[in-house]
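Submitted below is the structure of interest, expressed as structure tokens.
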Amino acid sequence: MKRVNILDCTLRDGGYLIDSQFGNTAIKGIIQGLTDSGIDVIECGFLKDEPHHDGSTIFNNASQIRPFLPEDRKNASYVCLADYSRYTIRQLEPFDGTSIDGVRACFFKKERYDVLDFCRTIKEKSYRLYVQPVDILGYTDAELLDLIEAVNDLEPYAFSIVDTFGSLYKEDLQRVFYLVHHNLISSAKIGFHSHNNLQMSFALSQEFIEMSQGLRSVTVDCTMAGMGRGAGNTNTELVMQYMNRKFNSGYDINTVLDLIDNYVDGFHSQYEWGYSIPYFLAGSYSAHVNNISYLSTKAGIASRDINYLLNRIGAAARKRYDYDLLEKTYLEYLGTICDDQDAISRLRSILAGKDILMLLPGHSIDTHKQEILQYHAEHHPVVISVNLLSHEYPIDYVYFSNKNRYQYWKSATHFKEYKKIVTSNVTTSSEQDQLIIDFTRLVKCGWEKLDNSGILLLRLLDQLDIKSIAIAGFDGYSHNACTQNYLQKAMEKTRNTLNAEEANNDIRSMLTDYMNTRTLECPVMFLTPSLFESVLEGGSNE
């Protein structure tokens with residue numbers, strides 16, 4: 001028995017691009033050619049609860065697939081993918097050896113318990129059962145182990161690592177592979193299905209094959225010329241070449257090259273797939289490719305805009321495609337873009353060469369008030385408070401990048417006493433006492449809490465040629481009910497909605513990024529105790 005099988009899924013995964021309308025001639029020719037080339041498993045299309053149309057690779061029973069299969073099957077196996085939510089498995093007739101011999105059961109994490117009966121029925125009908133959980137990175141280790149334990153009772157033919165969003169790196173694959181290998185029933189193969197968003201697909205397929213040697217029989221999914229939605233898939237011809245070179249597997253690559261010339265290139269001339277910056281972003285955020293397709297239709301949208309929007313809608317929303325949410329977020333984002341060149345020039349002329357004291361609303365500015373006032377008396381810095389109005393401190397400017405904080409203080413009687421620096425996501429109203437800064441100038445993606453006001457102000461100051469920065473009140477968050485996070489209780493976040501550890505980790509990471517990427521070389525120090533002191537102590541000033 002071969003230890004590594006190649007599974008070509010062009011007729012299924014490639015079908016997403018063309019609504020599965022390959023045409024009868026292409027379907028039959030591709031299946032015949034792949035069989036002749038020595039490909040081990042050929043996925044013929046989908047099993048779905050919808051009528052089979054002429055020339056389509058969407059079927060609702062095995063008998064509809066039979067006419068496309070060659071009389072001489074050689075050593076090939078033929079399968080279809082059945083999405084649990086889109087196929088009634090009782091429609092599938094029992095296996096009789098004249099059509100497909102395997103069914104790949106695909107399902108979302110929320111369906112992982114419901115799908116077990118579906119899988120059991122596939123086994124009872126005597127088909128090879130391939131278990132295909134969507135988005136393997138969406139499972140915790142405990143959830144994955146729980147699923148494997150349940151699947152083991154079914155004795156599947158194979159269990160696949162499915163990189164739905166093209167987000168896996170080498171260390172991710174290694175972790176998941178060994179977790180599956182050590183817990184999956186020994187008779188089952190492990191499959192690997194990847195997408196090329198990060199241009200890692202072929203490299204990861206090689207890594208997967210190498211990891212499996214001496215441990216487990218495996219199946220590698222791929223498509224000819226990488227045909228597939230978005231960034232596409234691992235290329236069949238590349239995996240064949242690798243297997244021939246490394247393991248003398250004897251695949252006939254010329255036959256597959258002919259199939260690409262005769263069939264796939266014709267589709268490629270009409271439909272686009274392959275690596276691109278937008279699909280790289282989809283992979284980076286584990287985002288559904290339909291989000292990319294929707295955003296890419298926006299006139300004048302830049303890659304950095306897509307980067308921000310994917311970051312902003314959140315992890316759960318990225319994995320589905322909520323067009324209403326995307327549109328709402330996009331319109332809000334457009335409203336933040338403004339021309340701030342005059343405001344930046346004015347700030348630079350005011351603050352260049354000055355010492356700056358950033359006064360954030362952490363509780364430590366109360367407990368260390370005397371140290372702050374003494375520092376001010378000795379150094380005479382320009383004091384910029386962050387989302388805070390207070391007569392207790394000599395504030396020169398109030399900085400707002402949080403709309404809720406701005407609205408909270410706007411009703412205060414002393415609001416108009418202060419000169420203000422306001423980012424454009426808060427307001428675009430250019431009044432005499434406030435300078436408006438383009439929010440997109442300051443925001444960087446990669447963190448869930450990407451709009452932390454203290455970090456955004458640091459990035460602004462990095463553009464203003466200042467002399468030094470002292471920071472007070474940048475305390476960090478605590479879940480402890482006895483610990484006050486903010487100087488004023490009205491500013492407190494609800495404890496059961498604040499993930500203090502997550503918020504602190506994001507701030508620590510953003511602060512480290514700031515220290516390592518800032519262009520202005522000036523001293524930065526914490527004037528009051530902070531959970532982030534170690535970042536400044538170890539951060540790079542280069």
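Computed from a prediction, not measured in an experiment: that's the story for all the values here. Positions are given from 1 along the sequence.
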Any donor and acceptor pair, going by atom type alone, linking the side chain of E93 with main-chain N or O of A62 inside 3.5 Å?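 Checking the backbone N and O of A62 against the side chain of E93, a donor-acceptor pair under 3.5 Å is found.
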
Y285 six-ring centre to R318 NZ/CZ under 6.0 Å and within 45° of normal: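 Because its charged atom misses either the 6.0 Å distance or the 45° angle limit, R318 does not stack over Y285.
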
Hey, could you give me the CD/OG1 distance between Q206 and T234, rounded to the nearest 0.5 Å?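 Interatomic distance, Q206 CD to T234 OG1, rounded to 0.5 Å: 10.0 Å.
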
Just to verify, what does Y87 make a side chain to side chain donor-acceptor pair (under 3.5 Å) with, not counting sequence neighbours?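 Listed in chain order: nothing, the list is empty.
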
Does a side-chain N-to-carboxylate-O contact under 4.0 Å join R12 and D221?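 No salt bridge links R12 with D221.
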
Can you tell me how far OG1 of T121 sits from CD1 of I89, rounded to the nearest 0.5 angstrom?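 Spacing of CD1 (I89) from OG1 (T121) equals 6.5 Å.
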
Identify each donor-acceptor pair in which a side-chain atom of residues 148-156 lies under 3.5 Å from a protein atom, sequence neighbours left out, and give them as a table.
| residue | atom | partner | partner atom | Å |
| --- | --- | --- | --- | --- |
| N152 | OD1 | I185 | N | 2.8 |
| N152 | ND2 | I148 | O | 3.4 |
| N152 | ND2 | N183 | O | 2.9 |

NZ on K189 to OG1 on T219, rounded to 0.5 Å: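 Here the rounded value is 5.0 Å.
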
Just how far is it from atom NZ of K319 to atom CZ of F165, taken to the nearest 0.5 Å?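 So the NZ of K319 and the CZ of F165 are separated by 6.0 Å.
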
Are K246 and E210 close enough, and set up right, to give a side chain to side chain contact (heavy atoms under 4.5 Å, CB included), and what steps lead you there? CA-CA 10 Å; K246 295 286 288 186; E210 292 291 343; 3.4 Å; yes

Can you give me the closest heavy-atom contact between Y279 and G274, atom names plus distance?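 Closest approach of Y279 to G274, heavy atoms only: CD1-O, 4.0 Å.
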
Residue pairs involving residues 249-275 (criterion side chain to side chain donor-acceptor pair (under 3.5 Å); sequence neighbours excluded):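 Non-adjacent pairs meeting side chain to side chain donor-acceptor pair (under 3.5 Å): K2-Y251, D40-Y251, D252-T255.
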
Pairs in or reaching into residues 108-137: which pass ring-ring contact (aromatic ring centres under 6.0 Å, His included), with residues at least two apart or in two chains?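 Every pair satisfying ring-ring contact (aromatic ring centres under 6.0 Å, His included) with a residue in residues 108-137: Y84-F118, F95-Y127, Y130-Y157.
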
Evaluate I18 against M227 for side chain to side chain contact (heavy atoms under 4.5 Å, CB included), listing each step before the verdict. CA-CA 11 Å; I18 59 174; M227 183 180 183; 4.2 Å; yes

Mark yes or no for whether K403, through its side chain, and N425, through its backbone, hold a donor-acceptor pair below 3.5 Å.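 Judged by distance alone, no pair lies under 3.5 Å.
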
Is any NZ, NE, NH1 or NH2 atom of the basic residue among D83 and K48 found under 4.0 Å from an Asp or Glu carboxylate oxygen of the other?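 A salt bridge is absent here (no side-chain N lies under 4.0 Å from a carboxylate O).
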
Enumerate the ring-ring contact (aromatic ring centres under 6.0 Å, His included) contacts for residues 199-229, please, sequence neighbours excluded, ordered by first and then second residue.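 Listed once each, the pairs are F177-F208, F192-F208.
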
Indicate whether any N or O donor in one side chain lies under 3.5 Å from an N or O acceptor in the other, for T223 and T10.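 Not at all, the side chains of T223 and T10 share no donor-acceptor pair under 3.5 Å.
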
So, D8 side chain and I42 main chain: donor-acceptor pair closer than 3.5 Å or not?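 Not at all, since once roles are kept as given, no pair shorter than 3.5 Å links the two residues.
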
Provide the closest heavy-atom pair for I6 versus C222 in the form atom of the first, atom of the second, distance.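 Heavy atoms of I6 and C222 come nearest at CG2-SG, 3.3 Å.
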
Between C119 and L129, is a side chain to side chain contact (heavy atoms under 4.5 Å, CB included) present by the stated rule, with each step listed? CA-CA 7 Å; C119 293; L129 169 64; 3.7 Å; yes

Distance from Y139 atom OH to L147 atom CG, nearest 0.5 Å?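 One finds 5.0 Å between OH of Y139 and CG of L147.
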
Donor-acceptor pair, distance only, cut-off 3.5 Å: does the side chain of E143 make one with the backbone of T140?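 Yes, because the side chain of E143 sits within donor-acceptor range (under 3.5 Å) of the backbone of T140.
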
Considering only NZ, NE, NH1 and NH2 on the basic side and carboxylate oxygens on the acidic side, decide whether R86 and D49 come within less than 4.0 Å.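 So R86 does not pair with D49 through a salt bridge.
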
Apply side chain to side chain contact (heavy atoms under 4.5 Å, CB included) to N197 and S167, showing your working. CA-CA 7 Å; N197 298 64; S167 303; over 6 Å; no

Tell me the side chain to side chain donor-acceptor pair (under 3.5 Å) pairs involving residues 18-30, sequence neighbours left out?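 Residue pairs passing side chain to side chain donor-acceptor pair (under 3.5 Å), neighbours aside: N24-D54.
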
Show your working on side chain to side chain donor-acceptor pair (under 3.5 Å) between Y242 and S205 and close with a plain yes or no. CA-CA 10 Å; Y242 173 77; S205 295; over 6 Å; no

Please examine the side chains of M243 and V220, heavy atoms only from C-beta on, and report whether any two atoms are closer than 4.5 Å.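 They are not in contact (no side-chain heavy atoms under 4.5 Å apart), so the answer is no.
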
Given V79, which partner from the list V41, I65, V103, L47 fulfils the side-chain contact (heavy atoms from CB on, under 4.5 Å) test?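 Single pass found, and it is V41.
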
For S56 versus I27, what's the shortest heavy-atom pair and its separation?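 Looking at all heavy atoms of both residues, the shortest contact is O-CD1, 3.6 Å.
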
Do you know which two heavy atoms are closest between T164 and D135, and how far apart they sit?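 Shortest heavy-atom separation between T164 and D135 comes out as OG1-N, 2.7 Å.
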
Does any N or O in the side chain of N452 come within less than 3.5 Å of the main-chain N or O of I455, such that one atom is a donor and the other an acceptor?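 Judged by distance alone, yes, a pair lies under 3.5 Å.
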
Short side-chain donor-acceptor distance under 3.5 Å, D13 and H193: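 Their side chains do contain a donor-acceptor pair, which is all the 3.5 Å distance test asks for.
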
Can you tell me if E50 uses its side chain to pair, donor with acceptor, with the backbone of I58 under 3.5 Å?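 No; zero donor-acceptor contacts below 3.5 Å.
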
Is the shortest heavy-atom distance from the side chain of Q174 to the side chain of E207 under 4.5 Å?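 Side-chain contact under 4.5 Å: yes.
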
Between the side chains of S453 and N402, is a donor N or O closer than 3.5 angstrom to an acceptor N or O?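 Per modelled atom types, S453 and N402 side chains form no pair under 3.5 Å.
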
Are the side chain of S284 and the backbone of F280 linked by a donor-acceptor contact shorter than 3.5 Å?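 Side chain of S284 to backbone of F280: a pair is present.
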
Look only at the side chain of R459 and the backbone of L442, and say whether a donor-acceptor pair between them is shorter than 3.5 Å.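 Side chain of R459 to backbone of L442: a pair is present.
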
From CE (M515) to CG (D513), nearest 0.5 Å: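 Spacing of CE (M515) from CG (D513) equals 11.5 Å.
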
Backbone of R508 reached by a side-chain donor or acceptor of T512 within 3.5 Å: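 Yes: the side chain of T512 pairs with the backbone of R508.
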
Just wondering, do N235 and M224 contact through their side chains at under 4.5 Å, heavy atoms?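 In short, these two side chains do not touch, never coming nearer than 4.5 Å.
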
Look at the side chain of N61 and the backbone N and O of L92, then say whether any donor-acceptor pair between them is shorter than 3.5 Å.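 Looks like no, no N/O pair under 3.5 Å.
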
